K.L.:
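My structure is below; once you've seen it, I'll send some questions.
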Amino acid sequence: MNMKLTLCGALVFLGSAVSFGAEAPDTAKPAERYLWPEDYMADPAAHVFQGKIYIYPSHDWDSPVTDKAEGNHYDMRDYHVFSIDGDFLTGKVTDHGQIFSIDDVPWAARQLWAADAAEKDGKYYFYFTARDREGLFRIGAAVAEHPAGPFEVMPQPIAGTYSIDPAVYAENGEYYIYFGGLSGGQLQNYRGNTYDPNAGMPGKNDPAAAPRVAKLAPDMVSLAEEPREVVILDADGKPFTEGDRHRYYEASWLHKYNGRYYFSYSTGSTHLICYAVGDSPYGPFTYAGEILTPVTGWTTHHCVVEHNGSWWLVCHDSKPSGGQSRLRSMKVLPLTHLPDGTIATIDGGKQ
């Protein structure tokens, strides 16, 4: 694959402060960088481990599977881990190679989708998504002594988990795992924590499906409690309905800023990254605005990370592949928390 790395000149945010619940915030196009133009990497989860940036994306490839039903064309088969020597916009990016492939996961049949990682007591835990042999998505775990591996895959998925898009937040020795995605991600078929194949998507005026959160057990590869729903309220303090363009669809992420918890997520079919703010990792969270407007391609998936005092949005789009939604490239953009606690909305550059 022969693509050029894009490194734009730095721009300042031109938009005015975003009000909580704003429908159409001002946006600005910031500096951006495609982090690995040599290949297609998506759904990036970035962390600072041992003073260095590490990124754990999914790996798109030019699969012969073209069926879009339930996201079958997102046919990823392995994971890689990357590091950056220096800062996000100028540091050297290194591919440390394959973490593992679908053949290394005893319980998985296909589709290694979005993942995340966490560190505890000098060990590194990698959380990933795959379909099991009954066609249901589960969340698995792998363990390593170094952020780049090698990783040992646990022989079974994490009991009590389901659906897709794991994200782990750590605070004061406690670790919280968030997960859940609609449509192909199957979240709409769970009532409580029980799978109902006939449940289906909520109606337009019904309460929107909610992501899940559970505290991880001390071993980091099992749950300490039953998953619970993450309540996301609209700007008026009411639960979102399925028909609201800002409702949750997939891609949970949590970060903390000035003592408050920012839960960000993708709206899927309306192609936004939004965020809601609360006072506990469990929520409830109240909608506060849009972080990223639509990008080129169908999916939008992100993480928010601080490095050397600056905040960054690491995400993907399909611009380098000419708009092919199943061939995505990870990129990074500066993220700005405004004085009133809101986040400046970034222009996703949809073409």
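It should be emphasised that the depicted structure is a prediction, and the values quoted were computed from it without experimental measurement. Below, each value reflects all heavy atoms present in this structure, side chains not excepted, and no hydrogens, waters or symmetry copies.
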K.L.:
Return the set of residues passing ring pair (Phe, Tyr, Trp, His ring centres under 6.0 Å) with Tyr162 (not counting sequence neighbours), or none when no residue passes.
P.N.:
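Tyr162: ring pair (Phe, Tyr, Trp, His ring centres under 6.0 Å) contacts with Phe179, Tyr190.
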
K.L.:
Please check if the side chain of Ser63 supplies one atom and the backbone of Asp75 the other of a donor-acceptor pair under 3.5 Å.
P.N.:
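Side chain of Ser63 to backbone of Asp75, a donor-acceptor pair under 3.5 Å: no, none is there.
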
K.L.:
Does a donor on one side chain and an acceptor on the other come within less than 3.5 Å for Glu171 and Tyr261?
P.N.:
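A donor-acceptor contact under 3.5 Å links the two side chains.
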
K.L.:
Please examine the side chains of Asn193 and Glu226, heavy atoms only from C-beta on, and report whether any two atoms are closer than 4.5 Å.
P.N.:
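Result yes, sub-4.5 Å side-chain heavy-atom pair found.
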
K.L.:
Can you tell me how far CE of Met41 sits from NE2 of His80, rounded to the nearest 0.5 angstrom?
P.N.:
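Rounded to the nearest 0.5 Å, the NE2-CE separation comes to 5.0 Å.
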
K.L.:
Are Tyr54 and Trp312 linked, directly or through intermediate hydrophobic residues, by side-chain heavy-atom contacts shorter than 4.5 Å (ILVMFWY only)?
P.N.:
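No, because Trp312 and Tyr54 fall into different hydrophobic clusters, even though each may have its own neighbours under 4.5 Å.
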
K.L.:
Any side-chain heavy atom of Ile99 within less than 4.5 Å of one from Asp78?
P.N.:
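In short, these two side chains do not touch, never coming nearer than 4.5 Å.
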
K.L.:
Which atom names give the shortest non-hydrogen contact between Gly185 and Ser163, and what distance separates them?
P.N.:
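Taking Gly185 first and Ser163 second, the nearest heavy atoms are O-OG, 2.6 Å.
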
K.L.:
Taking all non-hydrogen atoms of both residues into account, name the closest pair between Glu290 and Cys274 and its distance.
P.N.:
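That closest heavy-atom pairing would be CG-SG, 4.0 Å.
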
K.L.:
Can you classify the ring geometry of Tyr56 versus Phe126 as parallel (below 30°), tilted (30 to 60°) or perpendicular (above 60°)?
P.N.:
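Aromatic pair Tyr56/Phe126 classed tilted.
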
K.L.:
Hey, what's the ring geometry for Trp253 with His47, parallel, tilted or perpendicular (30° and 60° as the breaks)?
P.N.:
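Answer is tilted, since the angle falls between 30° and 60°.
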
K.L.:
Can you tell me if NZ on Lys238 sees more than 12 non-hydrogen neighbours from other groups inside 6.0 Å?
P.N.:
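Count not over threshold, so no.
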
K.L.:
Does Glu250 reach the main-chain N or O of Ile164 with its side chain, forming a donor-acceptor pair under 3.5 Å?
P.N.:
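The answer is no, because no donor-acceptor pair under 3.5 Å joins these two groups.
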
K.L.:
Can you check whether Thr267's main-chain N or O pairs, donor with acceptor, with Arg247's side chain at less than 3.5 Å?
P.N.:
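Here the side-chain-to-backbone pair exists.
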
K.L.:
Is there a path of hydrophobic side-chain contacts, each under 4.5 Å between heavy atoms of I/L/V/M/F/W/Y residues, joining Leu187 to Ile139?
P.N.:
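Both belong to a single hydrophobic cluster.
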
K.L.:
One pair to check against side-chain hydrogen bond (donor to acceptor under 3.5 Å, both in side chains): His316 and Thr299. What are the steps and the verdict?
P.N.:
CA-CA 8 Å; His316 68 232; Thr299 69; 2.8 Å; yes

K.L.:
Of all heavy-atom pairs between Thr161 and Arg138, which one has the smallest distance, and what is that distance?
P.N.:
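Smallest heavy-atom distance, with atoms named: O-NH1, 3.6 Å.
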
K.L.:
Scan side-chain atoms only and decide if Asp317 and Tyr34 contain a donor-acceptor pair under the 3.5 Å cut-off.
P.N.:
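Checked: Asp317/Tyr34 side chains pair up, N/O donor to acceptor below 3.5 Å.
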
K.L.:
Of all heavy-atom pairs between Pro211 and Tyr248, which one has the smallest distance, and what is that distance?
P.N.:
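Between these two residues, the closest heavy atoms are CB-CZ, 3.4 Å.
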
K.L.:
Following the transitive rule for hydrophobic clusters with a side-chain heavy-atom cut-off under 4.5 Å over Ile, Leu, Val, Met, Phe, Trp and Tyr, establish whether Tyr127 and Met154 coincide in one cluster.
P.N.:
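Yes: a chain of side-chain contacts under 4.5 Å links Tyr127 to Met154.
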
K.L.:
Rounded to the nearest 0.5 Å, what's the gap from CH2 on Trp36 to CZ on Phe82? Could you check?
P.N.:
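Atom-to-atom, Trp36:CH2 and Phe82:CZ are 6.0 Å apart.
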
K.L.:
Quick one: sort the Tyr287 and His246 rings into parallel, tilted or perpendicular, breaks at 30° and 60°.
P.N.:
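The arrangement is parallel - the two ring planes meet at less than 30°.
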
K.L.:
Within a radius of less than 6.0 Å around CZ of Arg110, do more than 12 heavy atoms belonging to other residues, nucleotides or ligands occur?
P.N.:
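Enclosed.
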
K.L.:
Any donor and acceptor pair, going by atom type alone, linking the side chain of Ser321 with main-chain N or O of Leu327 inside 3.5 Å?
P.N.:
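At least one qualifying donor-acceptor pair exists.
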
K.L.:
Check the angle between the aromatic planes of Phe88 and His307 and answer parallel, tilted or perpendicular using the 30° and 60° thresholds.
P.N.:
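Aromatic pair Phe88/His307 classed perpendicular.
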
K.L.:
Is the CD atom of Glu152 crowded by more than 12 outside heavy atoms at less than 6.0 Å?
P.N.:
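No.
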
K.L.:
Verify, without hydrogens or angle tests, whether Ser266 (side chain) and Thr300 (backbone) share a donor-acceptor contact under 3.5 angstrom.
P.N.:
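Yes, Ser266 side chain to Thr300 backbone: donor-acceptor pair under 3.5 Å.
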
K.L.:
Less than 4.5 Å apart, any side-chain heavy atom of Met76 and any of Asp43?
P.N.:
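Of all side-chain heavy-atom pairs linking Asp43 with Met76, at least one is under 4.5 Å.
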
K.L.:
Rounded to the nearest 0.5 Å, how far does CG of Leu182 lie from OG of Ser269?
P.N.:
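Separation between the atoms: 8.5 Å.
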
K.L.:
Over all heavy atoms of both residues, which pair between Pro37 and Leu35 is shortest? Give the atoms and the distance, please.
P.N.:
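Result for this residue pair: CD-C, 3.8 Å.
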
K.L.:
Kindly determine whether Tyr282 and Glu229 satisfy side-chain hydrogen bond (donor to acceptor under 3.5 Å, both in side chains), including the steps that lead there.
P.N.:
CA-CA 9 Å; Tyr282 288 117; Glu229 293 190 352; over 6 Å; no

K.L.:
Anything under 3.5 Å between a donor and an acceptor, one on a side chain of residues 200-210, the other on a protein residue two or more places apart or in another chain? List them.
P.N.:
from, atom 1, to, atom 2, distance (Å)
Asp206, OD2, Gly203, N, 2.8

K.L.:
Apply side-chain contact (heavy atoms from CB on, under 4.5 Å) to Tyr124 and Val143, showing your working.
P.N.:
CA-CA 6 Å; Tyr124 298 87; Val143 187; over 6 Å; no

K.L.:
Which of parallel (below 30°), tilted (30 to 60°) and perpendicular (above 60°) describes Trp113 and Tyr74?
P.N.:
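Perpendicular.
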
K.L.:
Test your reading of the model: is there a side-chain donor-acceptor pair from Arg228 to the backbone of Glu225, 3.5 Å cut-off?
P.N.:
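Judged by distance alone, no pair lies under 3.5 Å.
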
K.L.:
Is there a path from Val221 to Val153 through hydrophobic residues (I, L, V, M, F, W, Y) whose side chains come within less than 4.5 Å of each other?
P.N.:
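Cluster IDs for Val221 and Val153 differ.
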
K.L.:
Would you indicate whether the side-chain heavy atoms of Ser318 and Val295 approach each other to under 4.5 Å?
P.N.:
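Side-chain contact under 4.5 Å: no.
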
K.L.:
Within the side chain of Thr270, is there an N or O that forms a donor-acceptor pair under 3.5 Å with the backbone of Leu272?
P.N.:
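Checked: no pair found.
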
K.L.:
Between Ile343 and Thr336, is there a side-chain heavy-atom distance shorter than 4.5 Å?
P.N.:
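Heavy-atom side-chain distance check fails, nothing below 4.5 Å.
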
K.L.:
Tell me, do Pro57 and Val314 make a side-chain contact under 4.5 Å, heavy atoms counted?
P.N.:
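No, every pair of side-chain atoms sits at 4.5 Å or beyond.
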
K.L.:
Between Ser264 and His302, is the side-chain hydrogen bond (donor to acceptor under 3.5 Å, both in side chains) condition met? List the steps.
P.N.:
CA-CA 9 Å; Ser264 50; His302 73 297; 2.8 Å; yes

K.L.:
Is the gap between the ring centers of Tyr169 and Tyr175 under 6.0 Å?
P.N.:
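Here the rings of Tyr175 and Tyr169 have centres that are no less than 6.0 Å from each other.
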
K.L.:
Starting at CD1 of Ile53, measure out to CG of Asp87 and round the result to the nearest 0.5 Å.
P.N.:
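If I round to the nearest 0.5 Å, the distance is 7.0 Å.
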
K.L.:
Quick one: does Glu119's side chain have a donor or acceptor within less than 3.5 Å of a partner on Asp121's backbone?
P.N.:
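Yes; judged by distance alone, with no hydrogens or angles, the pair exists.
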
K.L.:
Does Tyr125 reach the side chain of Lys120, with side-chain heavy atoms less than 4.5 Å apart?
P.N.:
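In contact.
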
K.L.:
Sequence neighbours excluded, which residues qualify as ring pair (Phe, Tyr, Trp, His ring centres under 6.0 Å) partners of His337?
P.N.:
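Per chain and number, His337 pairs via ring pair (Phe, Tyr, Trp, His ring centres under 6.0 Å) with His255, Tyr257, Tyr262, Trp311.
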
K.L.:
With side-chain hydrogen bond (donor to acceptor under 3.5 Å, both in side chains) as the criterion, how do Ser222 and Asp219 come out once you've worked through the C-alpha distance, each side chain's angles and the decisive distance to 0.1 Å?
P.N.:
CA-CA 7 Å; Ser222 62; Asp219 65 7; 2.8 Å; yes

K.L.:
Using atom types as modelled and distance alone, determine if a side-chain donor or acceptor of Gln156 lies under 3.5 Å from a backbone N or O of Ala159.
P.N.:
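Pair absent, no side-chain N/O of Gln156 close to backbone of Ala159.
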
K.L.:
Can you see which heavy atom on Val168 is nearest to which on Ile177, and at what distance?
P.N.:
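It is CG2-CG1, 4.0 Å.
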
K.L.:
Please check if the side chain of Asp132 supplies one atom and the backbone of Glu134 the other of a donor-acceptor pair under 3.5 Å.
P.N.:
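Looks like yes, one N/O pair under 3.5 Å.
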
K.L.:
When you group the ILVMFWY residues by side-chain heavy-atom contacts below 4.5 Å and let the links chain together, are Ile346 and Ile273 in the same group?
P.N.:
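Looking at the clustering, Ile346 is in the same group as Ile273.
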
K.L.:
So, taking the atom named NE2 in His301 and the one named CE in Met330, what distance separates them when rounded to the nearest 0.5 Å?
P.N.:
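Nearest 0.5 Å value for the NE2-CE distance: 13.0 Å.
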
K.L.:
Quick one, Pro166 and Thr129 - any side-chain contact, counting heavy atoms below 4.5 Å?
P.N.:
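Heavy-atom side-chain distance check passes, below 4.5 Å.
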
K.L.:
Assert yes or no for the condition that the ring centre distance of His73 to Trp61 is strictly below 6.0 Å.
P.N.:
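Ring-ring flag for His73/Trp61: false, centres at least 6.0 Å apart.
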
K.L.:
Show your reasoning for whether side-chain contact (heavy atoms from CB on, under 4.5 Å) applies to Phe49 and Ser83.
P.N.:
CA-CA 10 Å; Phe49 294 142; Ser83 68; over 6 Å; no

